Amino acid sequence: MKTFYITTPIYYINGKPSIGHAYTAIAADILARYHRMLGEEVMFQTGTDENSQKNVEAAKERDVKEYLDEMAALWERTFDSLGLTHNRFIRTTEVAHYNSVEKFWKTVESKGDIYLGSYEGLYCQGCEAFVNESDLVDDQCPHHKKVPKTIKENNYFFRLTKYRDDLLAYIDEHPDFIQPEARRNEVLSYVRNFMTDISISRETMNWGIPVPGDEKHRVYVWFDALINYLSGVGYVDDTTAFEKWWPANLHLVGKDIIKFHCALWPAMLMSAGLPLPKNVFAHGFFTIDGQKMSKSLGNTVDPVEMAEKYGNDVLRYFLFREIPFGGDGDFSEARLVGRYNTDLANELGNLVNRVLTMTEKYTNGTVPEVADGFLAGAWPSYHLALEENRLSDALDIVWGLIRQANQFIDQQQPWQLAKLEEKKMLNDTLYVLLETLRHIAWMLYPFMPTTAEKMFVQLGLETPKEFSQSFESAWVWGELKSGHKLAKGEPLFPRKE
RNA sequence: CGCGGGGUAGAGCAGCCUGGCAGCUCGUCUGGCUCAUAACCAGAAGGUCACCGGUUCAAAUCCGGUCCCCGCAACCA
């Protein structure tokens, strides 16, 4: 069976999930559901990044492990309540991950790619962090109005630059490796002109994974975090699983962490002698009502609140219809309500409602004889869009069908056909509409699973049975059998005022 | 000259790679329809494609320059 391994980044859990975190996870869920629909075996992994010093600060007075357990549970609960279908929720404090990092470190070390060096930088005691010279105002840290001290620290370094040529060659030979294209150019420029060896240990930290053989150092959190993609699928403890799932098909990331995933990570894998992921896709960021999302502005959006207010499906629909995947966008509750009323209530919900009402009136709620319809190229373009991670394009295709169906009703005027007793034409019209609704439900399933299920139920289909059949048979025309009884229900999306 | 994205109708965006009548959704206006959730369908108005210059029979698109907005910038998650 064909497999599909998709990941989200692992998240820092020094706060609760924001709409931005949910965005990546929902995108991964849509693609995971789509690939399951195609009959592939899917591994969808997400999780938490727990070895950062930030977590210690966030825990404050409390026991760090206890704090992390609580927060990880909160995140997992949140993802569950958003209806995500991840089948692996990894935590980097898991024993298996510690062992993975140790094995990975030793492998890379044995290749001669780790060396001891020193890192020198400007350290601001107020920030408790290194600062950039370019950030200073009058040689002072702008936040604390203090002159930072020059600190020198011994660190282990990873020979990233050793892989510069291999990376460039790989990216060149695999044009689909980094998407969208604009990000590939950004990475190429970085690898070519700016990439240096990178420090992968910290001497000053007291939280994190100890460096094998030199326990007073802790592994740099990024070096540790990236390895989660291996530990989750059995890198140290399950060779069969590891061979089945690795390399990953798709790492979904935010545009801010593209360099880590497209330069550092592939170089790490090259060093360890492992194959590279097939595709890294970076999505954009969004602003909230045109403003940058920020805690200090207090304009953060809680995905759970949104989902409770409008429903998971509506939130999913809005995020992936409104914002072209890969680009930046704007989140606005007013526009979400706008999309709800026009796209969901007026176009989709009303279409389902009017078709089912007419079928009740004119054929007693029974599916008429099979007739030819107008799907045309909808499925091929839908598949192509999803294959290329063009999520909003896939939805555009579905809405194209919805509009065609609404137009078809006006052209055919079934109410006239009924009056004139044009039985054949009336039945054909209704069949085409009903069968089109079945296809629309299938296409919507990865994006709006609950809505798709409701549509199947209203079409009188049994949901579990519908999902157990092979997808190839589901998307041929004419699967809705004549004589079948419909089960019209409440409108899918009542208008909101 | 740090890196990247952007400036197209009242709002939000696509088109640019590969030049060929400027397109989509919302909103506005007019008409049609009555199966439907005041929903649906048809049509109309509305743009100096940020600005300047160049290439070309032809530029939103290619080239050079200018202005403006936004994100990122190695211990930031």
Side-chain angles (χ1 to χ4, degrees), chain A residues 9-15 18 20-21 49 52-55 58 119 121 123 127-132 134-135 153 155 160 180-183 185-187 189-190 193-202 204-205 220-223 225 254-260 263-264 284-287 290-292 321-324 326-330 332 334-335 338-339 341-362 392-393 396 399-400 402-403 405-418 426 429-430 433 490-496:
Chain A
I10 49 176
Y11 302 101
Y12 275 92
I13 47 178
N14 53 6
S18 81
H21 301 115
D49 189 357
S52 163
Q53 190 71 24
K54 287 277 168 203
N55 290 324
Y119 180 86
Y123 190 85
C127 301
E128 292 187 51
F130 287 100
V131 293
N132 279 326
S134 56
D135 290 334
E153 182 182 325
N155 288 155
L160 188 51
E181 203 181 324
R183 299 294 158 211
N185 298 336
E186 193 177 338
V187 170
S189 149
Y190 163 73
N193 307 318
F194 300 100
M195 194 175 78
T196 58
D197 284 354
I198 184 170
S199 152
I200 54 167
S201 77
R202 298 289 178 270
T204 49
M205 308 264 161
Y220 170 49
V221 69
W222 264 110
F223 195 83
K255 66 176 184 179
D256 53 335
I257 53 176
I258 193 87
K259 288 177 198 168
F260 296 106
L264 175 59
F285 283 167
F286 34 76
T287 46
Q291 276 190 307
K292 186 182 168 169
R321 180 76 195 278
E322 180 89 359
I323 303 164
D328 290 336
D330 184 53
S332 139
R335 281 222 305 288
R339 284 281 186 187
N341 279 331
T342 54
D343 299 1
L344 298 178
N346 296 354
E347 293 191 309
L348 173 61
N350 182 51
L351 172 67
V352 172
N353 191 235
R354 66 199 293 216
V355 170
L356 291 180
T357 304
M358 284 191 283
T359 311
E360 270 191 347
K361 272 190 187 161
Y362 303 140
S392 53
D393 285 351
D396 278 343
W399 255 259
I402 291 170
R403 283 196 188 131
N406 272 320
Q407 285 164 2
F408 186 64
I409 295 175
D410 271 54
Q411 281 161 20
Q412 298 298 105
Q413 305 185 30
W415 49 93
Q416 283 295 338
L417 297 176
L426 176 61
T429 300
L430 291 177
L433 289 167
E490 292 299 303
L492 294 173
F493 301 100
R495 272 187 73 87
K496 290 188 191 297

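This is a predicted model, so every value here is computed, not measured. Labels below follow one simple rule: chain letters A, B, ... track the order of the sequence lines, proteins then strands, and each chain is numbered from 1.
Note on Y362(A): only backbone sugar-phosphate atoms sit closer than 4.0 angstrom, heavy atoms only; bases stay farther off. If you check every strand for non-hydrogen atoms under 4.0 Å, E360(A) touches nothing. Among the heavy atoms of the strands, none lies under 4.0 Å from S52(A). Using a 4.0 Å heavy-atom cutoff across all strands shown, Y190(A) reaches no nucleic acid atom at all. The residue T196(A) sits close to a base: some heavy atom pair falls under 4.0 Å. Among the heavy atoms of the strands lying under 4.0 Å from I257(A) is at least one base atom, whether or not backbone atoms are also near. Among the heavy atoms of the strands, none lies under 4.0 Å from P414(A). At the heavy-atom level, L356(A) lies nowhere under 4.0 Å from the strands shown. As judged by a 4.0 angstrom heavy-atom cut-off over every strand, K361(A) is placed among residues touching the sugar-phosphate backbone only. Using a 4.0 Å heavy-atom criterion, one finds that G349(A) contacts the bases of the nucleic acid, with or without backbone contacts as well. The residue R403(A) sits close only to the backbone: its heavy atoms come under 4.0 Å of sugar-phosphate atoms, none of a base. W222(A) comes within contact range of at least one nucleobase, with a heavy-atom separation under 4.0 Å.
The side chain of N346(A) lies closest to A39(B) when the candidates are G4(B), C35(B), A39(B). Considering only the side chain of F285(A), G71(B) comes nearest among U37(B), C35(B), G71(B). Nearest nucleotide to the side chain of Q407(A), out of A42(B), C35(B), U37(B): A42(B). Between C35(B), U25(B), U37(B), one nucleotide has an atom nearer to the side chain of N353(A) than all others, and that is U37(B). For K255(A), the side-chain atoms get nearest to G71(B) when compared with the rest of C41(B), U37(B), G71(B). Side-chain atoms of E186(A) lie closest to C3(B) of the nucleotides U37(B), G32(B), C3(B). Each of C35(B), C41(B), A39(B) was ranked by its minimum atom distance to the side chain of N406(A); first place goes to C41(B).
Using a distance-only test at 3.5 Å, with no hydrogens or angles considered, a donor-acceptor pair links the side chain of N341(A) to the main chain of K496(A). No side-chain donor-acceptor contact under 3.5 Å links N350(A) to the backbone of A345(A).
The CZ-C1' distance, from R339(A) to A11(B), rounds to 12 Å in whole Å. Between the P atom of G27(B) and the CG atom of D343(A) lies a distance of 10 Å, rounded to the nearest Å. In this structure, L348(A) places its CG atom 18 Å from P of A36(B), rounding to the nearest Å. Between the CD atom of E347(A) and the C1' atom of U37(B) there is a distance of 13 Å, given to the nearest Å. Between L417(A) atom CG and C35(B) atom C1' there is a gap of 11 Å when expressed in whole angstrom units. As a whole-Å value, the separation of R354(A) CZ from A38(B) P is 12 Å. For E322(A) and A14(B), the CD to C1' distance is 13 Å, given to the nearest whole Å. Between the CD1 atom of I258(A) and the C1' atom of C72(B) there is a distance of 12 Å, rounded to whole Å.
Atom C1' of A14(B) sits at a distance of 15 Å from the matching atom of G47(B), rounded to the whole Å. For the P atoms, the distance linking G71(B) with C63(B) amounts to 27 Å, nearest Å. Using atom P as the reference point in both G54(B) and U61(B), the two lie 14 Å apart (nearest Å). Comparing A36(B) with G27(B), their C1' atoms are spaced 23 Å from each other, to the whole Å. Atom name C1', nucleotides C52(B) and C68(B): the rounded distance is 15 Å, in whole Å. A9(B) sits 14 Å from A60(B) when the C1' atoms are compared, rounded to a whole Å. Look at the P atom in both G10(B) and U48(B): the space between them is 8 Å, to the nearest Å. For the C1' atoms, the distance from C70(B) to U25(B) is 24 Å, rounded to whole Å.
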Trace of the side chain to side chain contact (heavy atoms under 4.5 Å, CB included) decision for R495(A) with N346(A): CA-CA 8 Å; R495(A) 272 187 73 87; N346(A) 296 354; 2.7 Å; yes
Intermediate values then yes/no, side chain to side chain contact (heavy atoms under 4.5 Å, CB included), I402(A) and D343(A): CA-CA 10 Å; I402(A) 291 170; D343(A) 299 1; over 6 Å; no
Trace of the side chain to side chain contact (heavy atoms under 4.5 Å, CB included) decision for Y190(A) with I258(A): CA-CA 11 Å; Y190(A) 163 73; I258(A) 193 87; over 6 Å; no
N406(A)/R354(A) under side chain to side chain contact (heavy atoms under 4.5 Å, CB included): CA gap, chis, key distance, verdict: CA-CA 9 Å; N406(A) 272 320; R354(A) 66 199 293 216; 2.8 Å; yes
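Nucleotide C33(B): unpaired (no Watson-Crick or G-U wobble partner with both distances less than 3.5 Å). The base-pairing partner of G20(B), taking Watson-Crick or G-U wobble contacts with both distances under 3.5 Å, is C57(B). Nucleotide C72(B): paired with G2(B) (Watson-Crick or G-U wobble, both distances less than 3.5 Å). In this entry A44(B) has U28(B) as its Watson-Crick or G-U wobble partner, both defining distances falling under 3.5 Å. When both distances must be under 3.5 Å, the Watson-Crick or G-U wobble mate of C67(B) is G7(B).
Here D256(A) contributes atom CG and F285(A) contributes atom CZ; the two are 3.5 Å apart, rounded to the nearest 0.5 Å. L264(A) contributes atom CG, which lies 6.0 Å from atom CG of L160(A) (distance to the nearest 0.5 angstrom).
For D256(A) against G71(B), a side-chain-to-base donor-acceptor contact under 3.5 Å is absent. Between the side chain of N350(A) and the base of A36(B) there is at least one donor-acceptor pair of N/O atoms closer than 3.5 Å.
Both L344(A) and R321(A) lie close to RNA chain B; mapped to their nearest nucleotides by heavy-atom distance, the more 5′-ward contact belongs to R321(A). Two residues, Q413(A) and R183(A), neighbour RNA chain B, and the one matched to the more 5' nucleotide by heavy-atom proximity is R183(A).
The side chain of Q416(A) places an N or O atom within less than 4.0 Å of a non-bridging phosphate oxygen (OP1 or OP2) of U34(B).
Using bins of under 30°, 30° to 60° and over 60° for the plane-to-plane angle, the ring pair F260(A)/W222(A) lands in the parallel bin.
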